[in-house]
Structures are given as structure tokens and as C-alpha cells.
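Computed over heavy atoms, backbone and side chain alike; hydrogens, waters and symmetry mates excluded.
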Amino acid sequence: MSARTLPLLFLNLGGEMLYILDQRLRAQSIPGEKARKDEWTDVDRKRVMNDIITTMFNKKFMEELFKPQELYSKKALRTVYDRLAHASIMRLNQASMDKLYDLMTMAFKYQVLLCPRPKDILLVTFNHLDAIKDFVHDSPGILNQVDETFRQLIETYSCLSAGEFQLIRQTLLIFFQDMHIRVSIFLKDKVQNSNGRFVLPISGPVPWGTEVPGLIRMFNRNGDEVKRTEFTTDGNYVTPQREGSFELYGDRVLKLGTNMYSISRPVETHMSGSSKNVASHAKENIAPNPLAKEELNFLARLLGGLEIKEPAGSETGFRLNLFTTDDEEEHAALTRPEELSYKVINIEATQEPARRAELSRILGELEVAEPRPAGAGKGEDLLALMDGL
């Protein structure tokens, strides 16, 4: 087990979470001049994204995260993302977090499996951070936080050997090995079987620095080549044009880790033995990916529609509830496998004074009513939570 795996796991899963939340918030937002008081606006979306990213890249938290350490348990890590998702004015119920976490973990698991070489996991991470920087491009302070984490990644991982990256990859696969959650995007792209296991391609680019299969060279004891034998392969392999950039800025070449929910994204998967899909590997869709949209629509049905409720008293908050009916919420909770369930306290706000007082106390502990001074960032709360796990 590698003690350098946790930062890569946390940042990549966090990137996938931000992709999903951004898409849902964009889909539900209303132009500011037309929005009612109980509707989301683009300003609200930016506030949610900025708050979550600020917490995620808190300096003290990142310093703690980058210390060599073992991975957290699945439930402990899930708790961290639960807290992270609630670092802003947005609220998610348990089923929302369950579905969100499922999408995050399966997406990153697929990316790890498809990495041409272990070191490319770092390029996947850079793709996530590049996209996160786009989310906060107009917020210099937050952008600087992300850049600082970028520099930490380069400093920490640029000197690692191929063997150390292989150990990191094995550690990630061990973490994901019992997760076989079916995702409609992958199922309909035929890169995932009905049992939740992924179908790995036997065609496409070979790892950088390697040759296309099909040639056997034989050498004598002096190291001189004495014979060559060619053989045919079942796959359609190609040589990559160049290596992705491992610098702060640059072309990553590898598309794994880019936003598959965005309006335009490269076609990143293909069926085994399909030359047509290999040829279209580098092409971009000019329309939103319908499979990604369908998966998020399912998430929307499961978790409800974006809804802003006007709370009692001075409390403020926005709720992301993707269930359309109470029956759907109850059904989702009852049908979720026990091993994938997490203990979450359900809070019900009613007009009863005792319940309202208890809710106010809990919300006060979460400290989400108003942004706090820069000296006491939400990341400190997240760090304290992780220290107590």
C-alpha cells in the first residue's frame, strides 16, 4: 500500500463531484432578472462552487492531506465528501449523497483502469484541476489556492519512479475493487457489464514510450539483435503523438479526467475491436452527451429538483433535493444495498418550537448561515473532522 495515494484519490473524486454539481446547478438556474426568490440563479451556482472549492483547497487541509498516510476507510472518506458538499448554502439529503458518491467513485475507478501507464494517473488529476480552475477563473484568491495545490502535486509526485506510481495504482484499485455500481453512461457506452464490471478496450493508443505490438526481437548473449518475428494482433493499436504535459500549464493529451458532463467532450471510450470508434477517439461532440445527461437526469429524479426553501427566522439556505416525490425517496433508501448505505441523520424542519430549536442548533454547529472571516475558513472544520475520524 502506498502512503502517497490519498491526495490523488481525494482530488480526483472531488473533481468528479464538482462536475456533477456544476451541471445540475446550471441545468436548474434561472436568469437573475427573471428568477423568483425561491429559484436558483447563476450567482447562486457560482457561490456554491466557490464555497466548495475554497473548502476543498484550504491551505491547512492540503498540508495535512499531503502528509504520507494510509487511505481512509470507505465510510470515513464518504463522510469527508458529505461534509465538503455541505460547505456552502446547498443541502443534500442522504439519497442525493449516495447517488452523487456512486457516480464519483465509478467514474474515477474507470479512469484508473484505463490509464495507459501508472504515471498517467497524475495527468488525470491535472485534468480535474484544470477544469476546477475554469470554475473559479474569475476568483483570483481561490484560483491561487488551486495553483498552490498544483505546485504541491508537481513537487510531491514528479520525482517518483515508475514502480512507486504502480504501487499507487494498485492501492487505488484495491480501494475500488469491491465497488461494482452500474452507471447508465457506462452501460450504454458498453464499457460496463450488467454486473457492474468494466470492459477494458483492446485497441487504441499504447502507453507513451512503448511500441505498437506485433514484433518480437531476439538478441544474442552480446546484446546484438539476431532475428525478428512479426505476429498479428486482434487489436487496432496506434502510437501516441506526444506525451502529456506534467507542468502547471500545458496540453495533457490524455482526456481521462475531463468533464464528461460538459457541452463538448472528447469521445473517451470505445468498444473492443471497433475500428470506427478508434478513428473517432479524438473527435469532440458538438452537442451535450446524451448518456451523461441521462445519468444526471436520473440523479435529478433520485435526488429531486433544485429547490430553495425560505427557512424560519434568520436562517438562510438552499436545498438540492433531487426527488420528485416522497415515495421515490423512500424507495431509493429501502432498495439501496446495506453495504453501500451510510449512517446519516435526517433532519425534519416543522413548525413545532422544539424541533425548530433543535434544527437551529444543528445548523449553527454546521456554520453555513453566513461566510466567515478569512481567518477561520471552512477547511479548518473539514480538517478537524478528518482528524477525528
Side-chain angles (χ1 to χ4, degrees), residues 1-9 12 68 70-71 108-127 150-177 191 197-257 266-282:
M1 299 284 284
S2 173
R4 291 290 187 186
T5 308
L6 184 59
L8 299 179
L9 179 63
N12 283 290
E70 297 296 324
L71 287 184
F108 184 44
K109 177 181 179 179
Y110 184 63
Q111 292 158 14
V112 173
L113 286 170
L114 258 64
C115 274
R117 53 181 182 167
K119 185 180 181 181
D120 289 334
I121 292 173
L122 197 54
L123 290 178
V124 174
T125 310
F126 287 175
N127 276 334
F150 237 126
R151 296 185 184 97
Q152 283 183 278
L153 281 169
I154 294 172
E155 179 181 347
T156 303
Y157 294 96
S158 61
C159 59
L160 297 188
S161 66
E164 289 173 305
F165 275 111
Q166 174 62 13
L167 188 58
I168 289 174
R169 183 175 185 271
Q170 287 177 336
T171 304
L172 287 170
L173 292 177
I174 290 171
F175 180 84
F176 289 125
Q177 68 179 350
V191 297
R197 297 181 183 275
F198 288 113
V199 179
L200 300 183
I202 60 170
S203 297
V206 297
W208 173 258
T210 63
E211 298 181 10
V212 172
L215 178 64
I216 300 174
R217 294 187 179 94
M218 282 162 274
F219 300 83
N220 60 21
R221 66 179 65 185
N222 298 322
D224 300 322
E225 183 179 333
V226 295
K227 185 179 179 181
R228 288 190 176 194
T229 303
E230 295 185 354
F231 63 93
T232 58
T233 63
D234 293 332
N236 186 3
Y237 302 101
V238 295
T239 303
Q241 298 298 315
R242 62 190 182 281
E243 184 180 25
S245 172
F246 288 89
E247 302 300 324
L248 182 61
Y249 304 100
D251 184 3
R252 312 301 174 193
V253 180
L254 188 72
K255 299 305 179 184
L256 294 171
V267 178
E268 195 53 47
T269 59
H270 50 273
M271 294 176 59
S272 300
S274 175
S275 58
K276 290 184 178 180
N277 287 330
V278 171
S280 64
H281 181 80

Enquirer: With the side chain counted from C-beta on, respond yes when V238 and V212 share a heavy-atom pair under 4.5 Å apart, and no when they do not.
Expert: no

Enquirer: With a 4.5 Å heavy-atom cut-off, do T210 and R117 have their side chains touching?
Expert: no

Enquirer: Is it true that a side-chain atom of R252 and a backbone atom of S245 form a donor plus acceptor pair closer than 3.5 Å?
Expert: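 Such a contact is found between R252 side chain and S245 backbone.
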
Enquirer: In Å, rounded to the nearest 0.5 Å, how long is the span from CD1 of I121 to CZ of F165?
Expert: 8.0 Å

Enquirer: So T5 and L167, side-chain contact (heavy atoms from CB on, under 4.5 Å) or not? Walk me through it.
Expert: CA-CA 9 Å; T5 308; L167 188 58; over 6 Å; no

Enquirer: Could you please spell out the steps behind the ring pair (Phe, Tyr, Trp, His ring centres under 6.0 Å) verdict for F108 and F176?
Expert: CA-CA 9 Å; F108 184 44; F176 289 125; 5.8 Å; yes

Enquirer: Hey, could you give me the OG/CZ distance between S158 and R151, rounded to the nearest 0.5 Å?
Expert: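 Here the rounded value is 14.0 Å.
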
Enquirer: Counting only heavy atoms not in Q177, do more than 12 sit closer than 6.0 Å to its CD atom?
Expert: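 Enclosed: over 12 neighbouring heavy atoms sit under 6.0 Å from CD of Q177.
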
Enquirer: Describe, in one word, how the ring planes of F126 and F246 are oriented to each other, choosing from parallel (under 30°), tilted (30 to 60°) and perpendicular (over 60°).
Expert: perpendicular

Enquirer: Could you tell me whether a side-chain N or O of N220 sits under 3.5 Å from a main-chain N or O of N222, the two making a donor and an acceptor?
Expert: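 Answer holds: yes.
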
Enquirer: Under a 3.5 Å cutoff, is there a donor and acceptor pairing between the side chains of T125 and N12?
Expert: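 Checked: T125/N12 side chains pair up, N/O donor to acceptor below 3.5 Å.
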
Enquirer: Is N127 reaching over with its side chain to a backbone N or O of L256, donor-acceptor style, under 3.5 angstrom?
Expert: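 Looks like yes, one N/O pair under 3.5 Å.
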
Enquirer: Give a yes or no answer on whether the side chain of Y157 reaches the backbone of Q152 with a donor-acceptor pair at less than 3.5 Å.
Expert: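 No: the side chain of Y157 does not pair with the backbone of Q152.
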
Enquirer: Side chains of L122 and L160, heavy atoms from C-beta outward: is any pair under 4.5 Å?
Expert: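 Sidechains of L160 and L122: no contact.
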
Enquirer: Does E211 have more than 12 heavy atoms from other residues, nucleotides or ligands lying within 6.0 Å of its CD?
Expert: no

Enquirer: Take atom CD of Q241 as the centre, draw a 6.0 Å sphere, and report whether it contains more than 12 heavy atoms from other residues, nucleotides or ligands.
Expert: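 Open.
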
Enquirer: Check whether any side-chain heavy atom of P213 lies under 4.5 Å from a side-chain heavy atom of V206, and answer yes or no.
Expert: yes

